[in-house]
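Read the structure below first, then the notes.
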2 protein chains.
Amino acid sequence: MSKREPAGCQPGLEAAMDILVGKWKPIILLHLLQGERKRFSELQRLIPNITQKMLTAQLRELEEQDIVKRVVYPVVPPRVEYSITEYGLTLDYILKPMHDWGRAHLKHMQEKKSQLVEEVRVE
Amino acid sequence: MSKREPAGCQPGLEAAMDILVGKWKPIILLHLLQGERKRFSELQRLIPNITQKMLTAQLRELEEQDIVKRVVYPVVPPRVEYSITEYGLTLDYILKPMHDWGRAHLKHMQEKKSQLVEEVRVE
DNA sequence: CCGGATCCAGAGGGATACTG
DNA sequence: CAGTATCCCTCTGGATCCGG
């Protein structure tokens, strides 16, 4: 799953990164963690600029990793629903901190910027 | 910093990912979070298969993001020390959960594998 | 409706050599 | 020692078309 090798260290971190890496996985997971299972097309709507290819690909990976469950209803037209597995729920444990920290970080960066502006003014 | 755009959602998560993305950043951070400041060459030793290019590049990015502090001693031969900023310490808040979860995840996958083996045996 | 198959651009990352 | 500079290659992700 990782491109090459153990990098000599910290398999734990690598493993966690593998789950989150992929431009869309965090967003997909956030939506699925919302609770109810979601149809493919719903997810497409919720994530405007994702392509079908990417959505399927990332969902498939998450499925392999036991994070999402995929249920196909044998009807026509096709109906496929995705939901978080019980195990996938444990991801909340890391996604929430990330989300919180990320928002705080955005603020932090803004403040840093306005400080720079002030310094320029003083000179 | 992100390749293209807001992806329509969740700037917080994106921001956090930006910090951690890069094959080596989590590992570098883990070492720096250990406490003492470290010289460039020390980091190189601690992370065996990283190239100089990568190490400098990632450290520079982390510096821009206010996560690490870079101190250059004007001596010859050059001496440069890196350390976590006070702000960077807050990353522990997300790195620790990731690390813990990742290790648990590795176990989880192993168990899943041995289950498969058993099923094969039964048939 | 869901998603497989193909093709393609570009960013990220590696190897190596050179420098103050 | 601590980097730049250069070249190259792989892999991700995007666009598009096709199929059950």
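Just so we're on the same page: letters track the sequence lines, and every chain starts at 1.
For the side-chain contact (heavy atoms from CB on, under 4.5 Å) criterion with B:Leu32, the lone passing option out of B:Leu46, B:Ile27, B:Val68 is B:Val68.
For D:dC1, the OP1/OP2 oxygens have no side-chain nitrogen or oxygen of B:Tyr82 closer than 4.0 Å. Considering only side-chain N and O atoms, A:Arg39 lies under 4.0 angstrom from the phosphate OP1 or OP2 of C:dC2. Here B:Arg70 reaches the OP1 or OP2 of D:dG3: one of its side-chain N or O atoms lies under 4.0 Å away. Between C:dC2 and A:Ser41, a contact under 4.0 Å exists linking OP1 or OP2 to a side-chain N or O.
Set against D:dG3, C:dG3, C:dG14, the side chain of B:Thr56 has D:dG3 as its closest nucleotide. Closest to the side chain of B:Gln52, out of D:dA5, C:dA17, C:dG3, is C:dA17. Across D:dT4, D:dG13, C:dG14, the shortest atom-to-atom separation from the side chain of A:Gln58 is found for D:dG13.
Side chain B:Lys23 to base C:dG12: no donor-acceptor pair is found below 3.5 Å.
C:dG13 atom P lies 11 Å from atom CD1 of B:Ile28, rounded to whole Å. Rounded to an integer number of Å, the gap from B:Glu63 CD to D:dA2 C1' is 14 Å. One interatomic measurement links the two molecules: NZ of B:Lys53 to C1' of D:dG3, which rounds to 13 Å at whole-angstrom precision. Distance A:Met54 CE to C:dC7 C1': 13 Å, rounded to the nearest Å. Nucleotide C:dG3 holds its C1' atom 16 Å from the CG atom of A:Leu62, rounded to whole Å. Between A:Ile47 atom CD1 and C:dC2 atom C1' the separation is 15 Å, expressed in whole Å. Atom CG of B:Leu59 and atom P of C:dG13 are 14 Å apart (whole Å). The CG atom of B:Leu55 sits 11 Å away from the P atom of D:dT4 (whole-angstrom rounding).
As judged by a 4.0 angstrom heavy-atom cut-off over every strand, A:Tyr73 is placed among residues making no nucleic acid contact. Counting any heavy atom pair closer than 4.0 Å across all strands shown, A:Pro78 reaches a base atom.
Where B:Arg60 and A:Gly22 each meet DNA chain D at their nearest nucleotide, the meeting point lying more 5' is that of B:Arg60. Along DNA chain D, the nucleotide nearest to A:Ile50 and the one nearest to B:Phe40 differ in position, and the one closer to the 5' end is contacted by B:Phe40.
Listed for the B:Lys96 side chain is no donor-acceptor partner under 3.5 Å among the backbone atoms of B:Asp92. Of the possible polar contacts, one joining the B:Thr85 side chain to the B:Ile67 backbone as a donor-acceptor pair under 3.5 Å is found.
For B:Arg70 and B:Glu81, the salt-bridge test fails: no basic side-chain N is under 4.0 Å from an acidic carboxylate O.
At a threshold of 4.5 Å between side-chain heavy atoms, the hydrophobic network of Ile, Leu, Val, Met, Phe, Trp and Tyr places B:Leu106 and A:Leu91 in two separate groups.
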